[in-house]
Amino acid sequence: WRDWSSDVCSSDLGDMHGNIVHLFERECTIQRRHQKIIEEAPSPTLDQDTRDRLTQAAIKIAQQIGYVSAGTIEFLVDASLNFYFLEMNTRIQVEHPVTEFITGIDIVEEQLKIASGLPLSFSQDALTIKGHAIECRLYAEDPEHDFRPTPGDLLQFSVPLLNNDYRLDSGIEKAGVIEPFFDPLIAKLIVHGNTREEAIEKMQKMLYGAVILGIKTNRDFLYSLLSQPNFIENNIWVTFIEEHAEKIILSFKQLPCLVEKNRALLAFLTLSMVSGKTDHTDDPWDMDFWRNYRAISYLFDSKAGEAMLLKREKNNFDWLINKHLFTVKIQKLEDDKILLMINNQTFCFHYAIDREGAFLVYHNGFTFFGLRRDFLILSSDFSPKDTHIHKNDGTIVSPVPGKISRIFVKEGDVVNKGSVLLVVESMKMENSIYASGEGTISKILIKENDAIESKSTLMIINLLQKN
């Protein structure tokens, strides 16, 4: 990779009659682990002269090999707008929707016509660039831990499509399971605007409105990245995320205000009283189970607390929390969201319940975890995800499910803290596992190509005892 370079691709179509056209170009510079996560069309990096020269170079390459079908020719572009051939992808690519938005061409349809022996239905002269399009790839991954894959139960998934300028490509409709065996891509979010600035604004609106419950994703990271001055000014290069990930993460790790947290807490508590019920009565036994007092113990946002249910009449609840009185009325209850009137103001909350009985409540861009401590079944660990990859006693465990790709040590080897011990391949990503301290490898419990589960014990280090 050249310093300060951009990744720009030309999208081409060739038929069996010798016709080859370009569909202009895409900007694919924003990447992590050398994999694209944001794509744009047209490229904001190129001027018109460079665009003309680059797309013509792509056509010449396709002509030289007599290419037929949809394809993409990739270039690196330096700060002086010199471009260098990188590779050709002989297929339609993940980011083709941005090209479809700015040209009005259905690339999949054209590809099928070409395969049927038909000529292209348009000429190069008929194509013009219309506005600007951006695509964001929504991944099941944790940006705070080197974009580690996060397979698991996707309990609720919805993305707002406000008009024809918004597009969602996904194999998941409402919920599903993200398996550890495949690429962690959940969906592609695509928007079109008259200008790049308008497209960025629309994409942020789309990301903010997305409801994703159950697993960690890169949604907040993408939203924050789109807000970075360097991105807005197109001052980006292929290693931009690698060099700025910490800053981007810090900017999205804002905390919800107390008012938002209290609303979500009230939603959680009310949901815990009516979960699975659509009809409510005045029967005191309808309090969810019998008790001789009305205090409800809970864990919420990783903190313990207690709420008093002072009164309940059908869909109306009077809650006392931290000496503050809240009147709550259920206006509408559905399987995935609840509409509440809290102190005469109406709010909507999306929610889901995981396998351990914890409630996930989404409100104003934040997801909260709540668990009733007075229920009979309690999780031994309230933390929604275990982020530790080893223990203090030298036991090395896997942070993700996957396959053992490589092992770099053998029993008896002396290692230092931070030494790479092995690599776990999960969802097309390699995850290096490091030594937790200085010591000797006493036991290796796996071998290369073994399939493992998350939190599986991999090896044990006899840690050096320091005085």
Side-chain angles (χ1 to χ4, degrees), residues 1 7 28 30-37 86-87 89 94 137-153 177-186 215-218 221 238-246 248-249 383-464:
W1 300 95
D7 188 329
C28 305
I30 294 295
Q31 308 173 12
R32 58 96 180 91
R33 294 191 173 190
H34 307 303
Q35 189 175 35
K36 308 163 190 172
I37 62 171
L86 184 62
E87 64 177 355
N89 294 294
V94 171
R137 301 192 192 188
L138 182 68
Y139 282 104
E141 65 185 18
D142 185 356
E144 295 181 63
H145 293 88
D146 196 28
F147 300 94
R148 181 191 303 163
T150 55
D153 293 331
V177 178
I178 307 301
E179 300 285 358
F181 314 111
F182 312 105
D183 188 281
L185 182 65
I186 298 173
I215 58 173
K216 182 79 172 179
T217 73
N218 67 335
F221 185 87
V238 290
T239 57
F240 182 81
I241 285 182
E242 183 180 332
E243 297 169 24
H244 291 79
E246 185 175 349
I248 297 169
I249 290 168
S383 174
K385 299 291 178 187
D386 185 359
T387 58
H388 299 286
I389 64 171
H390 49 66
K391 302 176 182 178
N392 293 331
D393 61 1
T395 302
I396 305 298
V397 300
S398 177
V400 292
K403 184 184 74 172
I404 302 298
S405 175
R406 283 168 289 172
I407 301 175
F408 299 110
V409 296
K410 61 183 183 299
E411 291 182 1
D413 282 358
V414 176
V415 295
N416 296 315
K417 183 176 182 179
S419 299
V420 180
L421 305 175
L422 70 154
V423 173
V424 177
E425 182 182 332
S426 178
M427 302 173 89
K428 292 179 65 177
M429 291 190 187
E430 292 188 336
N431 301 272
S432 297
I433 308 300
Y434 303 92
S436 55
E438 184 180 354
T440 303
I441 304 294
S442 62
K443 197 167 187 178
I444 297 177
L445 303 172
I446 37 82
K447 59 183 183 295
E448 289 186 358
N449 296 318
D450 277 359
I452 59 168
E453 298 293 330
S454 178
K455 303 182 185 178
S456 297
T457 300
L458 307 175
M459 57 181 67
I460 298 173
I461 302 175
N462 184 11
L463 295 175
L464 179 66

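- Shown here for Gly394 and Ser436, the closest heavy-atom pair between the two residues is CA-OG, 3.9 Å.
- The side-chain hydrogen bond (donor to acceptor under 3.5 Å, both in side chains) check on Asn462 picks up nothing, with sequence neighbours excluded.
- In this structure the side chain of Leu421 never reaches within 4.5 angstrom of the side chain of Leu458, judged on heavy atoms.
- Counting heavy-atom neighbours within 6.0 Å of Glu87 CD, excluding the residue itself, gives a total above 12.
- Remark: Asp142 CG to Thr150 OG1 distance equals 7.0 Å, nearest 0.5 Å.
- Between atom CD1 of residue Ile248 and atom CZ of residue Arg32 there is a gap of 13.0 Å, rounded to the nearest 0.5 Å.
- Side-chain contact check for Ile241 versus Pro143: every heavy-atom pair is 4.5 Å or farther apart.
- Within a 6.0 Å sphere centred on CD of Glu453, heavy atoms belonging to other residues, nucleotides or ligands number 12 at most.
- Closest of all the heavy-atom pairs between Gly412 and Thr440 is O-CG2, 3.6 Å.
- Residues Glu448 and Leu422 are not in side-chain contact: their nearest non-hydrogen atoms beyond the backbone lie 4.5 Å or more apart.
- Here the SG atom belonging to Cys28 is positioned 11.0 Å from the CG atom belonging to Leu86, to the nearest 0.5 angstrom.
- Ile433 and Pro399 make their closest contact through CD1-CD, 3.4 Å (heavy atoms, listed as atom of the first residue, atom of the second, distance).
- In this structure the side chain of Ile404 never reaches within 4.5 angstrom of the side chain of Asn449, judged on heavy atoms.
- The structure places CG of Leu445 at 11.0 Å from CD1 of Ile396, a figure rounded to the nearest 0.5 Å.
- Residues Val409 and Met459 meet the side-chain proximity criterion, which asks for heavy atoms closer than 4.5 Å.
- Between Lys36 and Val94 there is no side-chain heavy-atom pair separated by less than 4.5 Å.
- To the nearest 0.5 angstrom, Glu141 atom CD is 12.0 Å from Ile178 atom CD1.
- For Glu411, there are no salt bridge (Lys or Arg N to Asp or Glu O under 4.0 Å) partners at least two apart in sequence or on another chain.
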Worked check of side chain to side chain contact (heavy atoms under 4.5 Å, CB included) between Lys216 and Glu144:
CA-CA 10 Å; Lys216 182 79 172 179; Glu144 295 181 63; 3.2 Å; yes
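- The ring pair (Phe, Tyr, Trp, His ring centres under 6.0 Å) check on Phe221 picks up Phe147, with sequence neighbours excluded.
- Using a 4.5 Å heavy-atom threshold, the side chains of Ile444 and Ile446 count as touching.
- The shortest distance between side-chain heavy atoms of Ser405 and Asn431 does not fall below 4.5 Å.
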